[in-house]
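Working notes, structure below.
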Amino acid sequence: MKKIIINLGIITLLCVTFLVGCMLKTEDDQDIATEELSKADSYITVGFSQLGAESDWRSANTDSMLGTFTEQEGYYLVYKNGQQKQANQITAIRMFIQQEVDYIVLAPATEDGWDSVLGEAKDAGIPVILVDRRVNTSDKTLYSCWVGSDFELESKKITAWIKAYTEKKGIDPKDLHIVNIQGSLGSTAQLGRSRGLKNAARENGWDLMAEVSGDFTEAKGQEVMDALLKRFDNINLVYCENDNEAIGAIKAIENSGRKVGSDIASGEIMVVSFDGVNETALEYAREGKISCIAECNPLHGPRVEALIEMLGRGENPLKYNYVDEKIFSSLSVVESVTVDENVYEIERP
Ligand code: GYE
C-alpha cells in the first residue's frame with residue numbers, strides 16, 4: 001500500500017513537472033522561463049511588465065523596449081504581456097521578484113491598486129521604473145521614477161486647436177456637439193485626455209454630449225461610434241482618445257452614410273485624435289479625414305535605459321520625466337497654439 005502511495009506521488013510529481021514545462025514553453029515567445037535566468041548572471045536583468053497590445057502605439061512602445069534591452073547591449077530582458085489585465089501584471093511582478101531581477105519596469109494598465117505588489121518589490125530591494133502611464137500610490141517611494149507623456153497637455157493642445165479653428169470658421173461654441181470616445185477607463189492617458197476636454201468644454205461653452213470608453217481599440221471605437229450615431233443626430237465633432245479608436249469611428253461614420261472632415265458647417269463630422277503612430281491614421285490626417293492629431297511618443301526604450309544607467313551609477317534621476325511632443329494637422333487655418341505660455345507650431349502629418 002505504502003509503495004502504491006509513493007508511486008502515485010512520483011507519478012503526480014512527474015505530471016505536474018510535465019505540465020509546468022508545457023506551460024512555460026507555450027508562453028509568449030519573448031517570455032523567458034525562470035530557470036533560464038540563471039544564465040543571465042553577467043547581464044543586467046530587467047523584468048518588463050507591459051500592459052497589453054491594444055494599439056499601434058503599444059506595439060511601437062513594446063518594440064522600442066525589446067529593441068533597447070538586448071543581450072548585445074548587456075541586458076537580459078524578461079518580457080510579460082499583461083493582456084490588459086492588472087491581475088496578470090501583478091503576477092508578472094511577483095515572478096520578477098522571485099527571479100531576483102535587477103530592475104522592474106512597469107507600464108501599468110490603470111492607476112489604482114499597486115500598493116501591495118510595489119511594496120513587495122521595495123522590500124526585495126528591486127527598483128521599479130514606471131513607463132507611459134502612472135500609478136496612484138499613497139507612498140511615492142514605492143517606485144524610483146516615471147517616464148512618459150503629459151496627457152493633459154496633449155489634450156490642452158488639441159482643444160486649443162479646436163477653439164482656434166472653430167473661431168476662425170465663425171462656428172458658435174454652442175453649436176459644437178461633441179462626443180468623447182475615451183480610452184481604457186482609469187488609465188492615466190484616459191484620465192488626462194478626458195479631463196482636458198471636459199475643462200475646455202466648460203470654459204468655451206461647447207456641448208459635450210457623451211463620454212464612452214472605446215478601450216483604445218479600433219473595434220471598440222467603431223462599435224461605440226455606431227451606437228452614438230444612433231443616439232444623437234447632431235454630432236459634429238468626435239474626440240477620440242487614440243488613433244485606433246479614430247479609425248474605428250471613421251468606419252462607423254462612413255458606414256452610416258455621413259462624411260468625415262473639417263467642414264462642420266456643411267454637415268461633415270470632424271474627428272480629432274491622439275498618438276500619430278499608426279500609418280493609416282497619419283494618412284487620414286493628410287487626407288483631412290482626421291483634422292488634428294496630438295502626438296504621443298511611444299519610443300521609451302532608450303529613455304528607460306538612461307534611467308536605469310543613472311540608478312546603476314547610484315544617481316537620483318528626476319522623479320517625473322516628460323517627453324516633448326508635437327501637434328499635427330494638414331489644415332493651415334491655425335498656424336500655432338499656445339498652452340501654458342508655450343507656443344506649439346502646427347506641423348504637417
Ligand atoms: O495613447 C494608446 C494606448 O498610454 C499613451 O495607450 C498610452 C495610450 C496610447 O493604447 O494608443
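Model, not experiment: these values are computed from the prediction.
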For [X] versus [Y], what's the shortest heavy-atom pair and its separation?
X	Y	result
Ala109	Gln89	N-OE1, 3.0 Å
Gln50	Asn61	NE2-OD1, 2.9 Å
Ala53	Asn81	CB-ND2, 4.1 Å
Val128	Ala121	CG2-CB, 3.8 Å
Ile90	Trp114	CG1-CZ3, 3.9 Å
Glu245	Phe216	OE2-N, 2.9 Å

Derivation of the ring pair (Phe, Tyr, Trp, His ring centres under 6.0 Å) call for Tyr322 and Phe151: CA-CA 10 Å; Tyr322 291 94; Phe151 303 111; 9.2 Å; no

Residue pairs fulfilling salt bridge (Lys or Arg N to Asp or Glu O under 4.0 Å) with at least one residue in residues 118-130, sequence neighbours excluded: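 The answer is Arg94-Glu120.
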
Hey, does [Y] have a side-chain heavy atom less than 4.5 Å from the side chain of [X]?
X	Y	result
Tyr165	Val337	no
Leu311	Ile129	yes
Ile104	Leu118	no
Asp139	Asp115	no
Ile235	Met225	yes
Leu318	Cys145	no
Met270	Thr166	no
Glu152	Asn199	yes

Geometric class of the Tyr79/Phe48 ring pair [parallel <30°, tilted 30-60°, perpendicular >60°]: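 Phe48 vs Tyr79 ring planes: tilted.
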
Which pairs would a plain distance check flag for residues 338-349, meaning a side-chain donor or acceptor within less than 3.5 Å of a matching protein atom at least two apart in sequence or in another chain?
| from | atom 1 | to | atom 2 | distance (Å) |
| --- | --- | --- | --- | --- |
| Asp340 | OD2 | Lys156 | NZ | 3.4 |
| Arg348 | NH1 | Ser329 | O | 2.7 |

Could you tell me whether [X] atom [atom1] has more than 12 heavy atoms of other residues or ligands within 6.0 Å of it?
X	atom1	value
Asp233	CG	no
Lys319	NZ	yes
Glu335	CD	no
Lys174	NZ	no

Side-chain donor or acceptor of Ser149 paired with backbone N/O of Cys296 under 3.5 Å: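 No, Ser149 side chain to Cys296 backbone: no donor-acceptor pair under 3.5 Å.
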
Test item: Ser213 side-chain N/O and Gly183 main-chain N/O as donor-acceptor pair under 3.5 Å: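 Yes, Ser213 side chain to Gly183 backbone: donor-acceptor pair under 3.5 Å.
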
Note: [X]-[Y] ion pair, threshold 4.0 Å (strictly below):
X	Y	value
Arg193	Glu154	yes
Glu211	Lys198	yes
Lys251	Glu218	yes
Glu254	Lys289	yes

Trp206 with Ile269, same ILVMFWY side-chain cluster at under 4.5 Å: no

ILVMFWY clustering at 4.5 Å (side-chain atoms), partners of Val277: Trp57

Passing candidate, side chain to side chain contact (heavy atoms under 4.5 Å, CB included) with Phe96, options Val78, Ile126, Thr91: Val78

